[in-house]
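Here is the structure we will look at.
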Amino acid sequence: MYREFKHLHLPSIDAEIRQFWEDEKIFEKSISQRPVDRSFVFYEGPPSANGKPGIHHVMARTVKDLFCRYRTLQGYRVERKGGWDTHGLPIELQVEKELGITKEDIGKKISVDAYNQACRTTVMRYKDLWDDVTRRMGYWVDLDNPYITFENDYIESVWWLLQQLYNKKTPSGESYLYKGFTIQPFSPAAGTGLSSHELNMPGTYKEVTDFSAVAMFKVVRNSASEHLFDAKDEDVRILAWTTTPWTLPSNVALTVGPNIEYHKVQTVSPYTGQPVSVVLAKSRMAAYFNPEDEGQPLDGFKVGDKKLPYRTGSALVGIRYEQLLPTPAASTPELEANAFRVIPGDWVTTEDGTGVVHTAPYFGADDFRASKAAGVPFIGLSNPKAPDLPFPLVDRQGKFVDEVPEFGGRFVKSEYYPAEVQKDKDFKPTDLLIALRLKEDNKAFKIEKYKHTYPHCWRTDKPVLYYPLDSWFVRASAAKERMAELNKTINWKPASTGTGRFGQWLENLQDWNLSRSRYWGVPLPIWRTEDAEEELCIGSVEQLRAEVEKAVAAGLMQENPYKTRVSSDDDHADALSQFVFTGDKTIWHILKTHGRDNRKSPTEAEEVLWQALRNRKLDGFKFRRQHQIGSFIADFACISAKLVVEVDGEYHNRDEQKEFDEARTAYLNSAGFRVIRFANQQVMNALNDVLTDLRRVLASPPGPLSKGEGESRADSLFVSPSPLERGPGGEADLHRPYIDDIILVSPSGKPMRRELDLIDVWFDSGSMPYAQWHYPFENQEIFKNNFPADFIAEGVDQTRGWFYTLHAIATMVFDSVAFKNVVSNGLVLDKEGNKMSKSKGNVVDPFVTIEEYGADATRWYMMANANPWDNLKFNEEGITEVRNKLFGTLYNTYNFFALYANLDGFKMDEQNVLPYHQRTELDRWVISKLYSLVADYHAAMDDYDVTRACRAIEDFVDEHLSNWFVRLSRRRFWKGEMGEDKLAAYQTLFECLLVTGQLMASVAPHFADWLYRNLTAPIKDAAKAHNTPLRHDSVHLTDLTLPDSAKVDAALEKRMDYAQRICSLALSIRKKEKLRVRLPLQKILLPVLDEAFIAEVDGVKDLILSEINVKQIEYITDASGLLKKGAKANFKTLGGKLGKDMKDAATLIANFSNEEISALEKSGVLEVVLNGNTYTLTPDDMIVSTEDLPGWKTATAGELTVALDVTLTPELLAEGTARDLVNRIQNIRKDKNFNVTDRVIVTLERHPALLDAVEKFHDYIKSEVLATDLVLADTLDGGEKVELEDEVLVGIHVEVN
RNA sequence: AGGGCUAUAGCUCAGUUGGUUAGAGCGCUACACUGAUAAUGUAGAGGUCGACAGUUCAAAUCUGUCUAGCCCUACCA
């Protein structure tokens, strides 16, 4: 028996199939049963379990999942190793928030050790949620053996890669890994560099008012600048604007836009009145000069204008000028020779300033680049080790070095001075002092206050400087061309991401700054002597061990912590939980201090509640304030009753705080405490209620806590489920701080210490192709078979993240792409098109959605609604639509099949199917359509275009299978005994359902498997016995049906297309004429389009006749004289030929008469003259249609016209009535819940309207409604009154015989 | 600031190498159908194809310039 169902409930199907997969290990089988040597390689981009999974993850993972499933069905072996990204700033920030510390506390209040342990545990916080969403959405990925970026093996592979880069040299002998410096945001107040992430934190950009200066740089008169001078002793100066006058002493160049037009203006210095000629961008002149003043005499303090013979900035390049504010101590011959000149820069704009940019390379990233490119030396105090890189004139505290005349020792930003100093009446910001100096020396053109936004350090709240900082770099720029070349071989979806966003990024590639001054990440494996003369890059643990041995021998280290390799089966979890529950000493100390501070400054509510609880006032229970439990402080705790009382302020309503509170509660629960929370207002306004609540809780026994939600969450929170290489204090850990204790010995016997930086976490994830297999230390063979990836997919935001790092590392180390095909998916927005964010409250919970609509409808909607790379406006109504239209229709179709198959005892017999040529036209048609779909589907999927594939399936299921094949075949299923026609119907429908299910399986894995299993359950044993294709237990183990052009019959599809359109037209006429379909009509007339037409339509004649309930088709040709034809110009063929005469030709052809059209059709050529030009027309040049059939009811669509004979005869009317009767009787049968096979006796009221019909169609009616008797009665016992036609009421009685 | 994507009916989206009535589904309105019924059919209303300019006999489609939304990178004198 085929299973039948009452209602479609996709979540139940999900659950059933999920269970089946798990019980039968279908995922594992889907991989293991495919041949090892036919692999399709997929890389999983590791998510971080530090945040909760969102609906966008469902989208991204659906893309990953479905192409892997598709390849599996094609017979590939698709291993899918999961992974977790575990390092990085978000994790550090999370930990700091929860421990209530800042970065500054690390190493002081909390040991780096304890800090790292906290990171390690936090990282996997939401792993359970991730695993759950993975299961529920049906994402097949191996999460039992994931790669984890914090594991020693992983880090070791990363080190190996770094060493490869370190050893690899460019043609000019430079290492791919080098230490250099770059201009980065730097906080002198905090003494640290800031990442762009930190700079993007809310509140860092503040509006401030600074002194801005337009300085005048005096042009040196020489051959290069001669064209600027008119008068003999003219004073020509270039104007440059700055909002940071403190950078002026460090000026070495002026940058101009090569395509900007500059003018010289003869004017006077506003502060001294001396005549001067200034150069600035033409478009900026209005900002400094009033046009009305033009031509006024200069001695009247007016300005004038003179155009110069040159037009663009290029003509300024190379001009030299006098240094504005010299620092004699910084002067060098190199500087004198090569600095203080005009250089070009594309990035210069004329939006503000003067169109000339004052350039101080140490204090601006653009400045740095421009200077470097132009070969301008940097200015600063001499650096014996690196003459090219002198020390900046501003030190790391943000002060001018003493050598700077007049301003030495001053902070460059007033905010760096203590508040008292700033408040002093005589205090003047350094910027202002510099501006005044310029004024006095006739070097200023304009000094004013300027309001702008400026970045501030999020920790100290003081302004940030851009400052040269030491960093380790990957010389990515050296591999730029190769990367671009290899990129061209990658198939990007969409292509524009590859050529545009990614390609252009590669073209302008900068070196990759690897350094991060952090604690939780992969340490840079480079050791250096103090004088930086000797250096060692470690590439494996083995090497490190050997080097440490040397250090021990040299007496630099006491012992070798890496002596033995430690197995991963250590009792780490235990050690870890001990840390959590007993509290690390450092944390304990911090918390103790915090608790004490909190006690000193209680909130009002806390004070009120304490008064009620202190001294055992509440039923004799002893309460403590600010009591430390584990790593948390409880507001109030009663140890004996195991109760924690929290009094919360309003900020606990914030989402992120709620989460934290939950975690905290979970933790306390797991430590055996109950937690009760009150809001401040409750305590203040309703203390009695609060106390009543407390009494109630205190009265109930603490007892052992039931295994509630809290407890399980606590597990995931604090006990890392993944194997740690070592527990806390594990000396073999490669993380900081342990690694920092390692001192190595240099070849010359000097101690070498590790470069303290960590590496960019993006390097971690870009290393996964190698590190996931611990390559090259293990699994060399596996790696070889799994590199590069055939396919990866992530969000488009990863273009310069993961996609780039994968590509860069693969190119530089292996001279290969890392992936061959990549799909980058867009964002998931809310239905209004807004970004989803917690604060807007428009976040869609994937669990809720999947629970409500099922995983498959959700997945399908996300793939079919828009291309994955477009942003998706997520709207639940869209899922409903998919559910009803696709899944509902297919479900109905299956149920229809199952219902009748069970009645007829039909079972699919794979061994014995009717050949297609023995089936009906309709059967062969739908099979043809099905295989057209199979072909389209493969083409789309091979092109990674899932949206096209989904839409093709939707179209087939709805338009062709359900609305045409099933509708027209219904009668074949329930009429008569099993015969060849019926068998053909069953086998055809079975095949359609089966193949459709297979095609759907990638995107809708649950439903497809459910369908497959239902279809094949009755024949499973036979299939297994005969080893036929349907022997597999799951659709995901089958072999995908391949395109088969032999099964596609284009001519048949065309015929059926005619049939569908003719029916549609005929029905529309009926509709217009109010002729119900059950009323048969005599004939339709079809004007003949071409010679093949008659034969084609005849092939589907029976279908048309029965569908529109008409007795015959009559074809009419030109000869009939009924036709009026019309012709239209075929623009496509004529356009090229006629050109400008096209319009006239169109008019001419539109006016062709029947005769002219026929003449052209017959003769094949026609000469026409248009505007004196002669052209030869062929029949292809016009599109002929029948316009009308005068005197008939017609309808037209495209080239087809249908006329309906609406003449009614008594015979037709009687038949119509008979059909109506059948329909009404069937309704009664249905209303009375008769079985489909019940035989009945029908008694009809003797009504005049019925007589003719009953007499003429007695047998027809009987057989249609399965009546043994059909009688007319004068009066009726029981039965019901039914409206037959308009206002014709008759009594009908139906009873089971 | 640079780069990228998107813009077509109330909504979600198609629209092939430019070709003359710009389509589909949902929604809406009306009418049918009823042994697939959480269905189905037919018809109707609804569009200066984001704006402007250009190329062309012909532009939703090609070119340019804008505008709006979003993403990434950078953060400016």
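To find a chain, count down the sequence lines: A is the first, B the second, and so on, and within it residues start at 1. Atoms considered below: every heavy atom in the structure, side chains included; atoms not considered: hydrogens, waters and symmetry mates.
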> Does the side chain of A/Ser824 reach to within under 4.5 Å of the side chain of A/Phe502, using non-hydrogen atoms?
Replying inline: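 When only atoms from C-beta onward are counted, A/Phe502 and A/Ser824 do not touch, as no gap falls below 4.5 Å.
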In Watson-Crick or G-U wobble terms, both distances under 3.5 Å, what is the partner of [N]?
N     : answer
B/U61 : none
B/A36 : none
B/C5  : B/G69

Classify the nucleic acid contact of [X] as base, sugar-phosphate or nothing, counting any heavy atom under 4.0 Å across all strands shown.
X         : result
A/Asn1223 : sugar-phosphate
A/Lys1132 : base
A/Ala866  : sugar-phosphate
A/Asn251  : nothing
A/Asn884  : sugar-phosphate

Between [N] atom [atom2] and [X] atom [atom1], what is the distance in whole Å?
X        : N     : atom1 : atom2 : result
A/Asn487 : B/G4  : CG    : C1'   : 14 Å
A/Arg967 : B/G41 : CZ    : C1'   : 7 Å
A/Asp958 : B/C26 : CG    : C1'   : 12 Å
A/Leu829 : B/C13 : CG    : C1'   : 15 Å
A/Asn963 : B/A36 : CG    : C1'   : 10 Å

> Looking at B/C72, B/U6, B/C70, which one has an atom nearest to any side-chain atom of A/Arg501?
Replying inline: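 The answer is B/C72.
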> Counting side-chain heavy atoms from C-beta on, which of B/G25, B/G4, B/A14 comes nearest to A/Gln504?
Replying inline: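 That would be B/G4.
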> Quick one: does A/Thr889 reach the base of B/A39 with a side-chain donor-acceptor pair under 3.5 Å?
Replying inline: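 A donor-acceptor contact between them is absent.
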>> Parallel, tilted or perpendicular, judged at 30° and 60°: which one describes the rings of A/Phe217 and A/His358?
In response: parallel
>> On RNA chain B, compare the nucleotides closest to A/Leu8 and A/Lys1140; which residue's is nearer the 5' end?
In response: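 Looking at the nearest nucleotide for each, A/Leu8 comes out on the 5' side.
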> Toward the 5' end of RNA chain B, which comes first, A/Ile183 or A/Glu877, by nearest nucleotide?
Replying inline: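 Its nearest nucleotide lies further toward 5', so the answer is A/Glu877.
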>> Measuring to OP1 and OP2 of B/C5, would you say a side-chain N or O of A/Ser496 lies under 4.0 angstrom away?
In response: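 True: A/Ser496 side-chain N/O within range (under 4.0 Å) of B/C5 OP1/OP2.
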>> Against A/Phe887, only a single residue in A/Tyr853, A/Phe1007, A/Tyr894 fulfils ring pair (Phe, Tyr, Trp, His ring centres under 6.0 Å); can you say which?
In response: A/Phe1007
>> Heavy-atom count check: over 12 atoms from other residues, nucleotides or ligands less than 6.0 Å from A/Glu4 CD?
In response: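 Counting neighbours around CD of A/Glu4, more than 12 heavy atoms of other residues, nucleotides or ligands fall under 6.0 Å, so yes.
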